[in-house]
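Please read all numbers here as calculations on a predicted model, not as lab measurements.
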Amino acid sequence: MCYSFNNKKVDLKKIAVELDAENYESGYVQEETISAFTRPAMPIVLEHNGRKITHGTWGLYTEIPKEKPTKGLNLKAENTHTFYKKFEHNRCVVPISGFYDFQHVPIPGKKTPIKVKHEVLWSGADHLYLAGFYDVWENNEIGVGIVTTAANELMSIIHNSKLRMPICMDARMAERFLKDEPIEEFVFPAYDPSLVAVNLEPQKMPPPSLF
């Protein structure tokens, strides 16, 4: 996951009903492209004094070092019981329409592959949920890191540079995640989400004759 997603089409009223959550707030950032590096106040669903929809800042930690600009944005599920042990029971889910990733396509005769942007969606649905761990900061703001796992077959093609993907869930799995079921139940290959990918830059793809 390349630190960006789309949540413009997410209907928070629908999310509230689907996950039996209360929404007390407004003013969430809902746009065609949400970038982690802007540290947006995105809508999240969590168990904290009840099930609710609230603001979450993308990034688990209050401060992100300039020399490590991605620290705390995406969290490897494999490190749940070590690096993120303090947060592993602080569960939240992030409702999105789809997330963006870049396929690295090699070009014969060139050292550097081209990057082709794709949007990844839940098959047959208008939204999905990303798994997250959160922390409540001293100022009572909430920081969120997106939990990632090994890529499934589709994401091995799309995110072929790193072979990773966020833990993606439908409402049923999101409910289980919020109930703090073991993280091992949500990682690939134990769980394989129903994802599809749309090539947003087909004009970049080389003709088949080059392969």
Visitor: Taking the side chain as every heavy atom from C-beta outward, state whether K14 and D126 have any pair of such atoms under 4.5 Å apart.
Guide: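 Yes, side chains in contact.
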Visitor: Tell me whether R91 contacts the main-chain N or O of F177 through its side chain, where contact means a donor paired with an acceptor under 3.5 Å.
Guide: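 Yes: the side chain of R91 pairs with the backbone of F177.
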Visitor: Is it the case that atom CD in E63 sees more than 12 heavy atoms from other parts of the structure closer than 6.0 Å?
Guide: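 Not more than 12 within 6.0 Å, no.
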Visitor: Can any side-chain N or O of E141 pair as donor or acceptor with the backbone N or O of T57 at less than 3.5 Å?
Guide: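 Not a single qualifying donor-acceptor pair exists.
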Visitor: In the structure I gave you, are the side-chain heavy atoms of I146 and Y3 within less than 4.5 Å of one another anywhere?
Guide: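 Sidechains of Y3 and I146: no contact.
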Visitor: How long is the gap from CD1 on I15 to CD1 on I96, to the nearest 0.5 Å?
Guide: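 Taking CD1 in I15 and CD1 in I96, the distance rounds to 10.5 Å.
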Visitor: Are any non-hydrogen side-chain atoms of P113 and V105 less than 4.5 angstrom apart?
Guide: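 No; the side chains remain at least 4.5 Å from each other.
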Visitor: Calculate, to the nearest 0.5 Å, the distance between atoms CG and CZ belonging to L19 and R172 respectively.
Guide: 13.0 Å
Visitor: Looking only at atom types and distance, does a side-chain atom of W58 sit under 3.5 Å from a main-chain N or O of S35, one as donor and one as acceptor?
Guide: no
Visitor: Measuring from M155:CE to F99:CZ, what's the distance to the nearest 0.5 Å?
Guide: 4.0 Å
Visitor: To the nearest 0.5 Å, what is the distance between CG (N199) and CD (Q103)?
Guide: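 Reported value, rounded in 0.5 Å steps: 7.5 Å.
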Visitor: Could you grab the distance from atom OH of Y100 to atom CD of E119, nearest 0.5 Å is fine?
Guide: 4.5 Å
Visitor: For the atom pair CZ (R39) and CD1 (I34), what is the distance rounded to the nearest 0.5 Å?
Guide: 14.5 Å
Visitor: Give a yes or no on whether K117 atom NZ has more than 12 heavy-atom contacts from other residues, nucleotides or ligands under 6.0 Å away.
Guide: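 Yes.
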Visitor: Check whether any side-chain heavy atom of R164 lies under 4.5 Å from a side-chain heavy atom of H159, and answer yes or no.
Guide: yes
Visitor: What verdict does the side chain to side chain contact (heavy atoms under 4.5 Å, CB included) test give for R51 and V45, after you've listed the backbone C-alpha separation in whole Å, the side-chain angles of each residue and the deciding distance to 0.1 Å?
Guide: CA-CA 7 Å; R51 177 79 60 84; V45 184; 3.8 Å; yes
Visitor: Between F102 and S161, is any pair of side-chain heavy atoms under 4.5 Å apart?
Guide: no
Visitor: Within a strict 4.5 Å, meaning less than it, do heavy atoms of the K9 and H127 side chains meet?
Guide: no
Visitor: Are V120 and V196 linked, directly or through intermediate hydrophobic residues, by side-chain heavy-atom contacts shorter than 4.5 Å (ILVMFWY only)?
Guide: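 No; tracing contacts between hydrophobic side chains, which count when under 4.5 Å, never links both residues.
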Visitor: Distance alone, cut at 3.5 Å: any donor-acceptor contact between the side chains of D180 and H89?
Guide: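 Result is yes, a qualifying pair exists.
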Visitor: Are I183 and H81 packed together at the side-chain level, in the sense that at least one heavy-atom pair is separated by less than 4.5 angstrom?
Guide: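 Yes - at least one pair of side-chain heavy atoms lies under 4.5 Å apart.
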Visitor: Is there a path of hydrophobic side-chain contacts, each under 4.5 Å between heavy atoms, that joins L121 and V93?
Guide: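 No, because L121 and V93 fall into different hydrophobic clusters, even though each may have its own neighbours under 4.5 Å.
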Visitor: Can a donor-acceptor pair be found, under 3.5 Å and without considering hydrogens, that links the side chain of S4 to the backbone of T33?
Guide: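 The answer is no, because no donor-acceptor pair under 3.5 Å joins these two groups.
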Visitor: Can you confirm whether more than 12 heavy atoms, excluding those of E67, are under 6.0 Å from its CD atom?
Guide: yes
Visitor: Please work out which of the three classes, parallel, tilted or perpendicular, describes the rings of Y191 and F186, given edges at 30° and 60°.
Guide: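 Taking Y191 first and then F186, their aromatic rings stand perpendicular (interplane angle over 60°).
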Visitor: Are the side chains of S123 and L195 in contact, using a 4.5 Å heavy-atom criterion?
Guide: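 No, their side chains stay 4.5 Å or more apart.
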Visitor: Going by side-chain contact (heavy atoms from CB on, under 4.5 Å), V187 matches just one of T148, I167, T80. Which one?
Guide: I167
Visitor: Count I, L, V, M, F, W, Y as connected when their side-chain heavy atoms are under 4.5 Å apart, and connections chain through other members. Are F83 and V144 then in the same cluster?
Guide: yes
Visitor: Is atom OH of Y61 surrounded by more than 12 heavy atoms (other residues, nucleotides or ligands) closer than 6.0 Å?
Guide: yes
Visitor: With side-chain hydrogen bond (donor to acceptor under 3.5 Å, both in side chains) as the test, pick out the partner of Y28 among N7, N23, T54.
Guide: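 Result for side-chain hydrogen bond (donor to acceptor under 3.5 Å, both in side chains) with Y28: N23.
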Visitor: Should V136 and V147 be counted in the same cluster of Ile, Leu, Val, Met, Phe, Trp and Tyr side chains packed under 4.5 Å apart?
Guide: yes
Visitor: Should the pair F133 and Y84 be assigned to parallel (<30°), tilted (30 to 60°) or perpendicular (>60°) ring geometry?
Guide: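 Ring orientation of F133 relative to Y84: tilted.
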Visitor: Should V17 and L12 be regarded as members of a common hydrophobic cluster, given that ILVMFWY residues are connected when their side-chain heavy atoms come within less than 4.5 Å of each other, either directly or indirectly?
Guide: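 Per the 4.5 Å side-chain linkage, V17 and L12 are not co-clustered.
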Visitor: Apply side chain to side chain contact (heavy atoms under 4.5 Å, CB included) to N6 and E32, showing your working.
Guide: CA-CA 5 Å; N6 168 20; E32 192 69 39; 3.3 Å; yes
Visitor: Could you check whether any side-chain N or O of D135 sits under 3.5 Å from a backbone N or O of W137, counting only pairs where one atom can act as donor and the other as acceptor?
Guide: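 Between the backbone of W137 and the side chain of D135 there is no qualifying donor-acceptor contact (under 3.5 Å).
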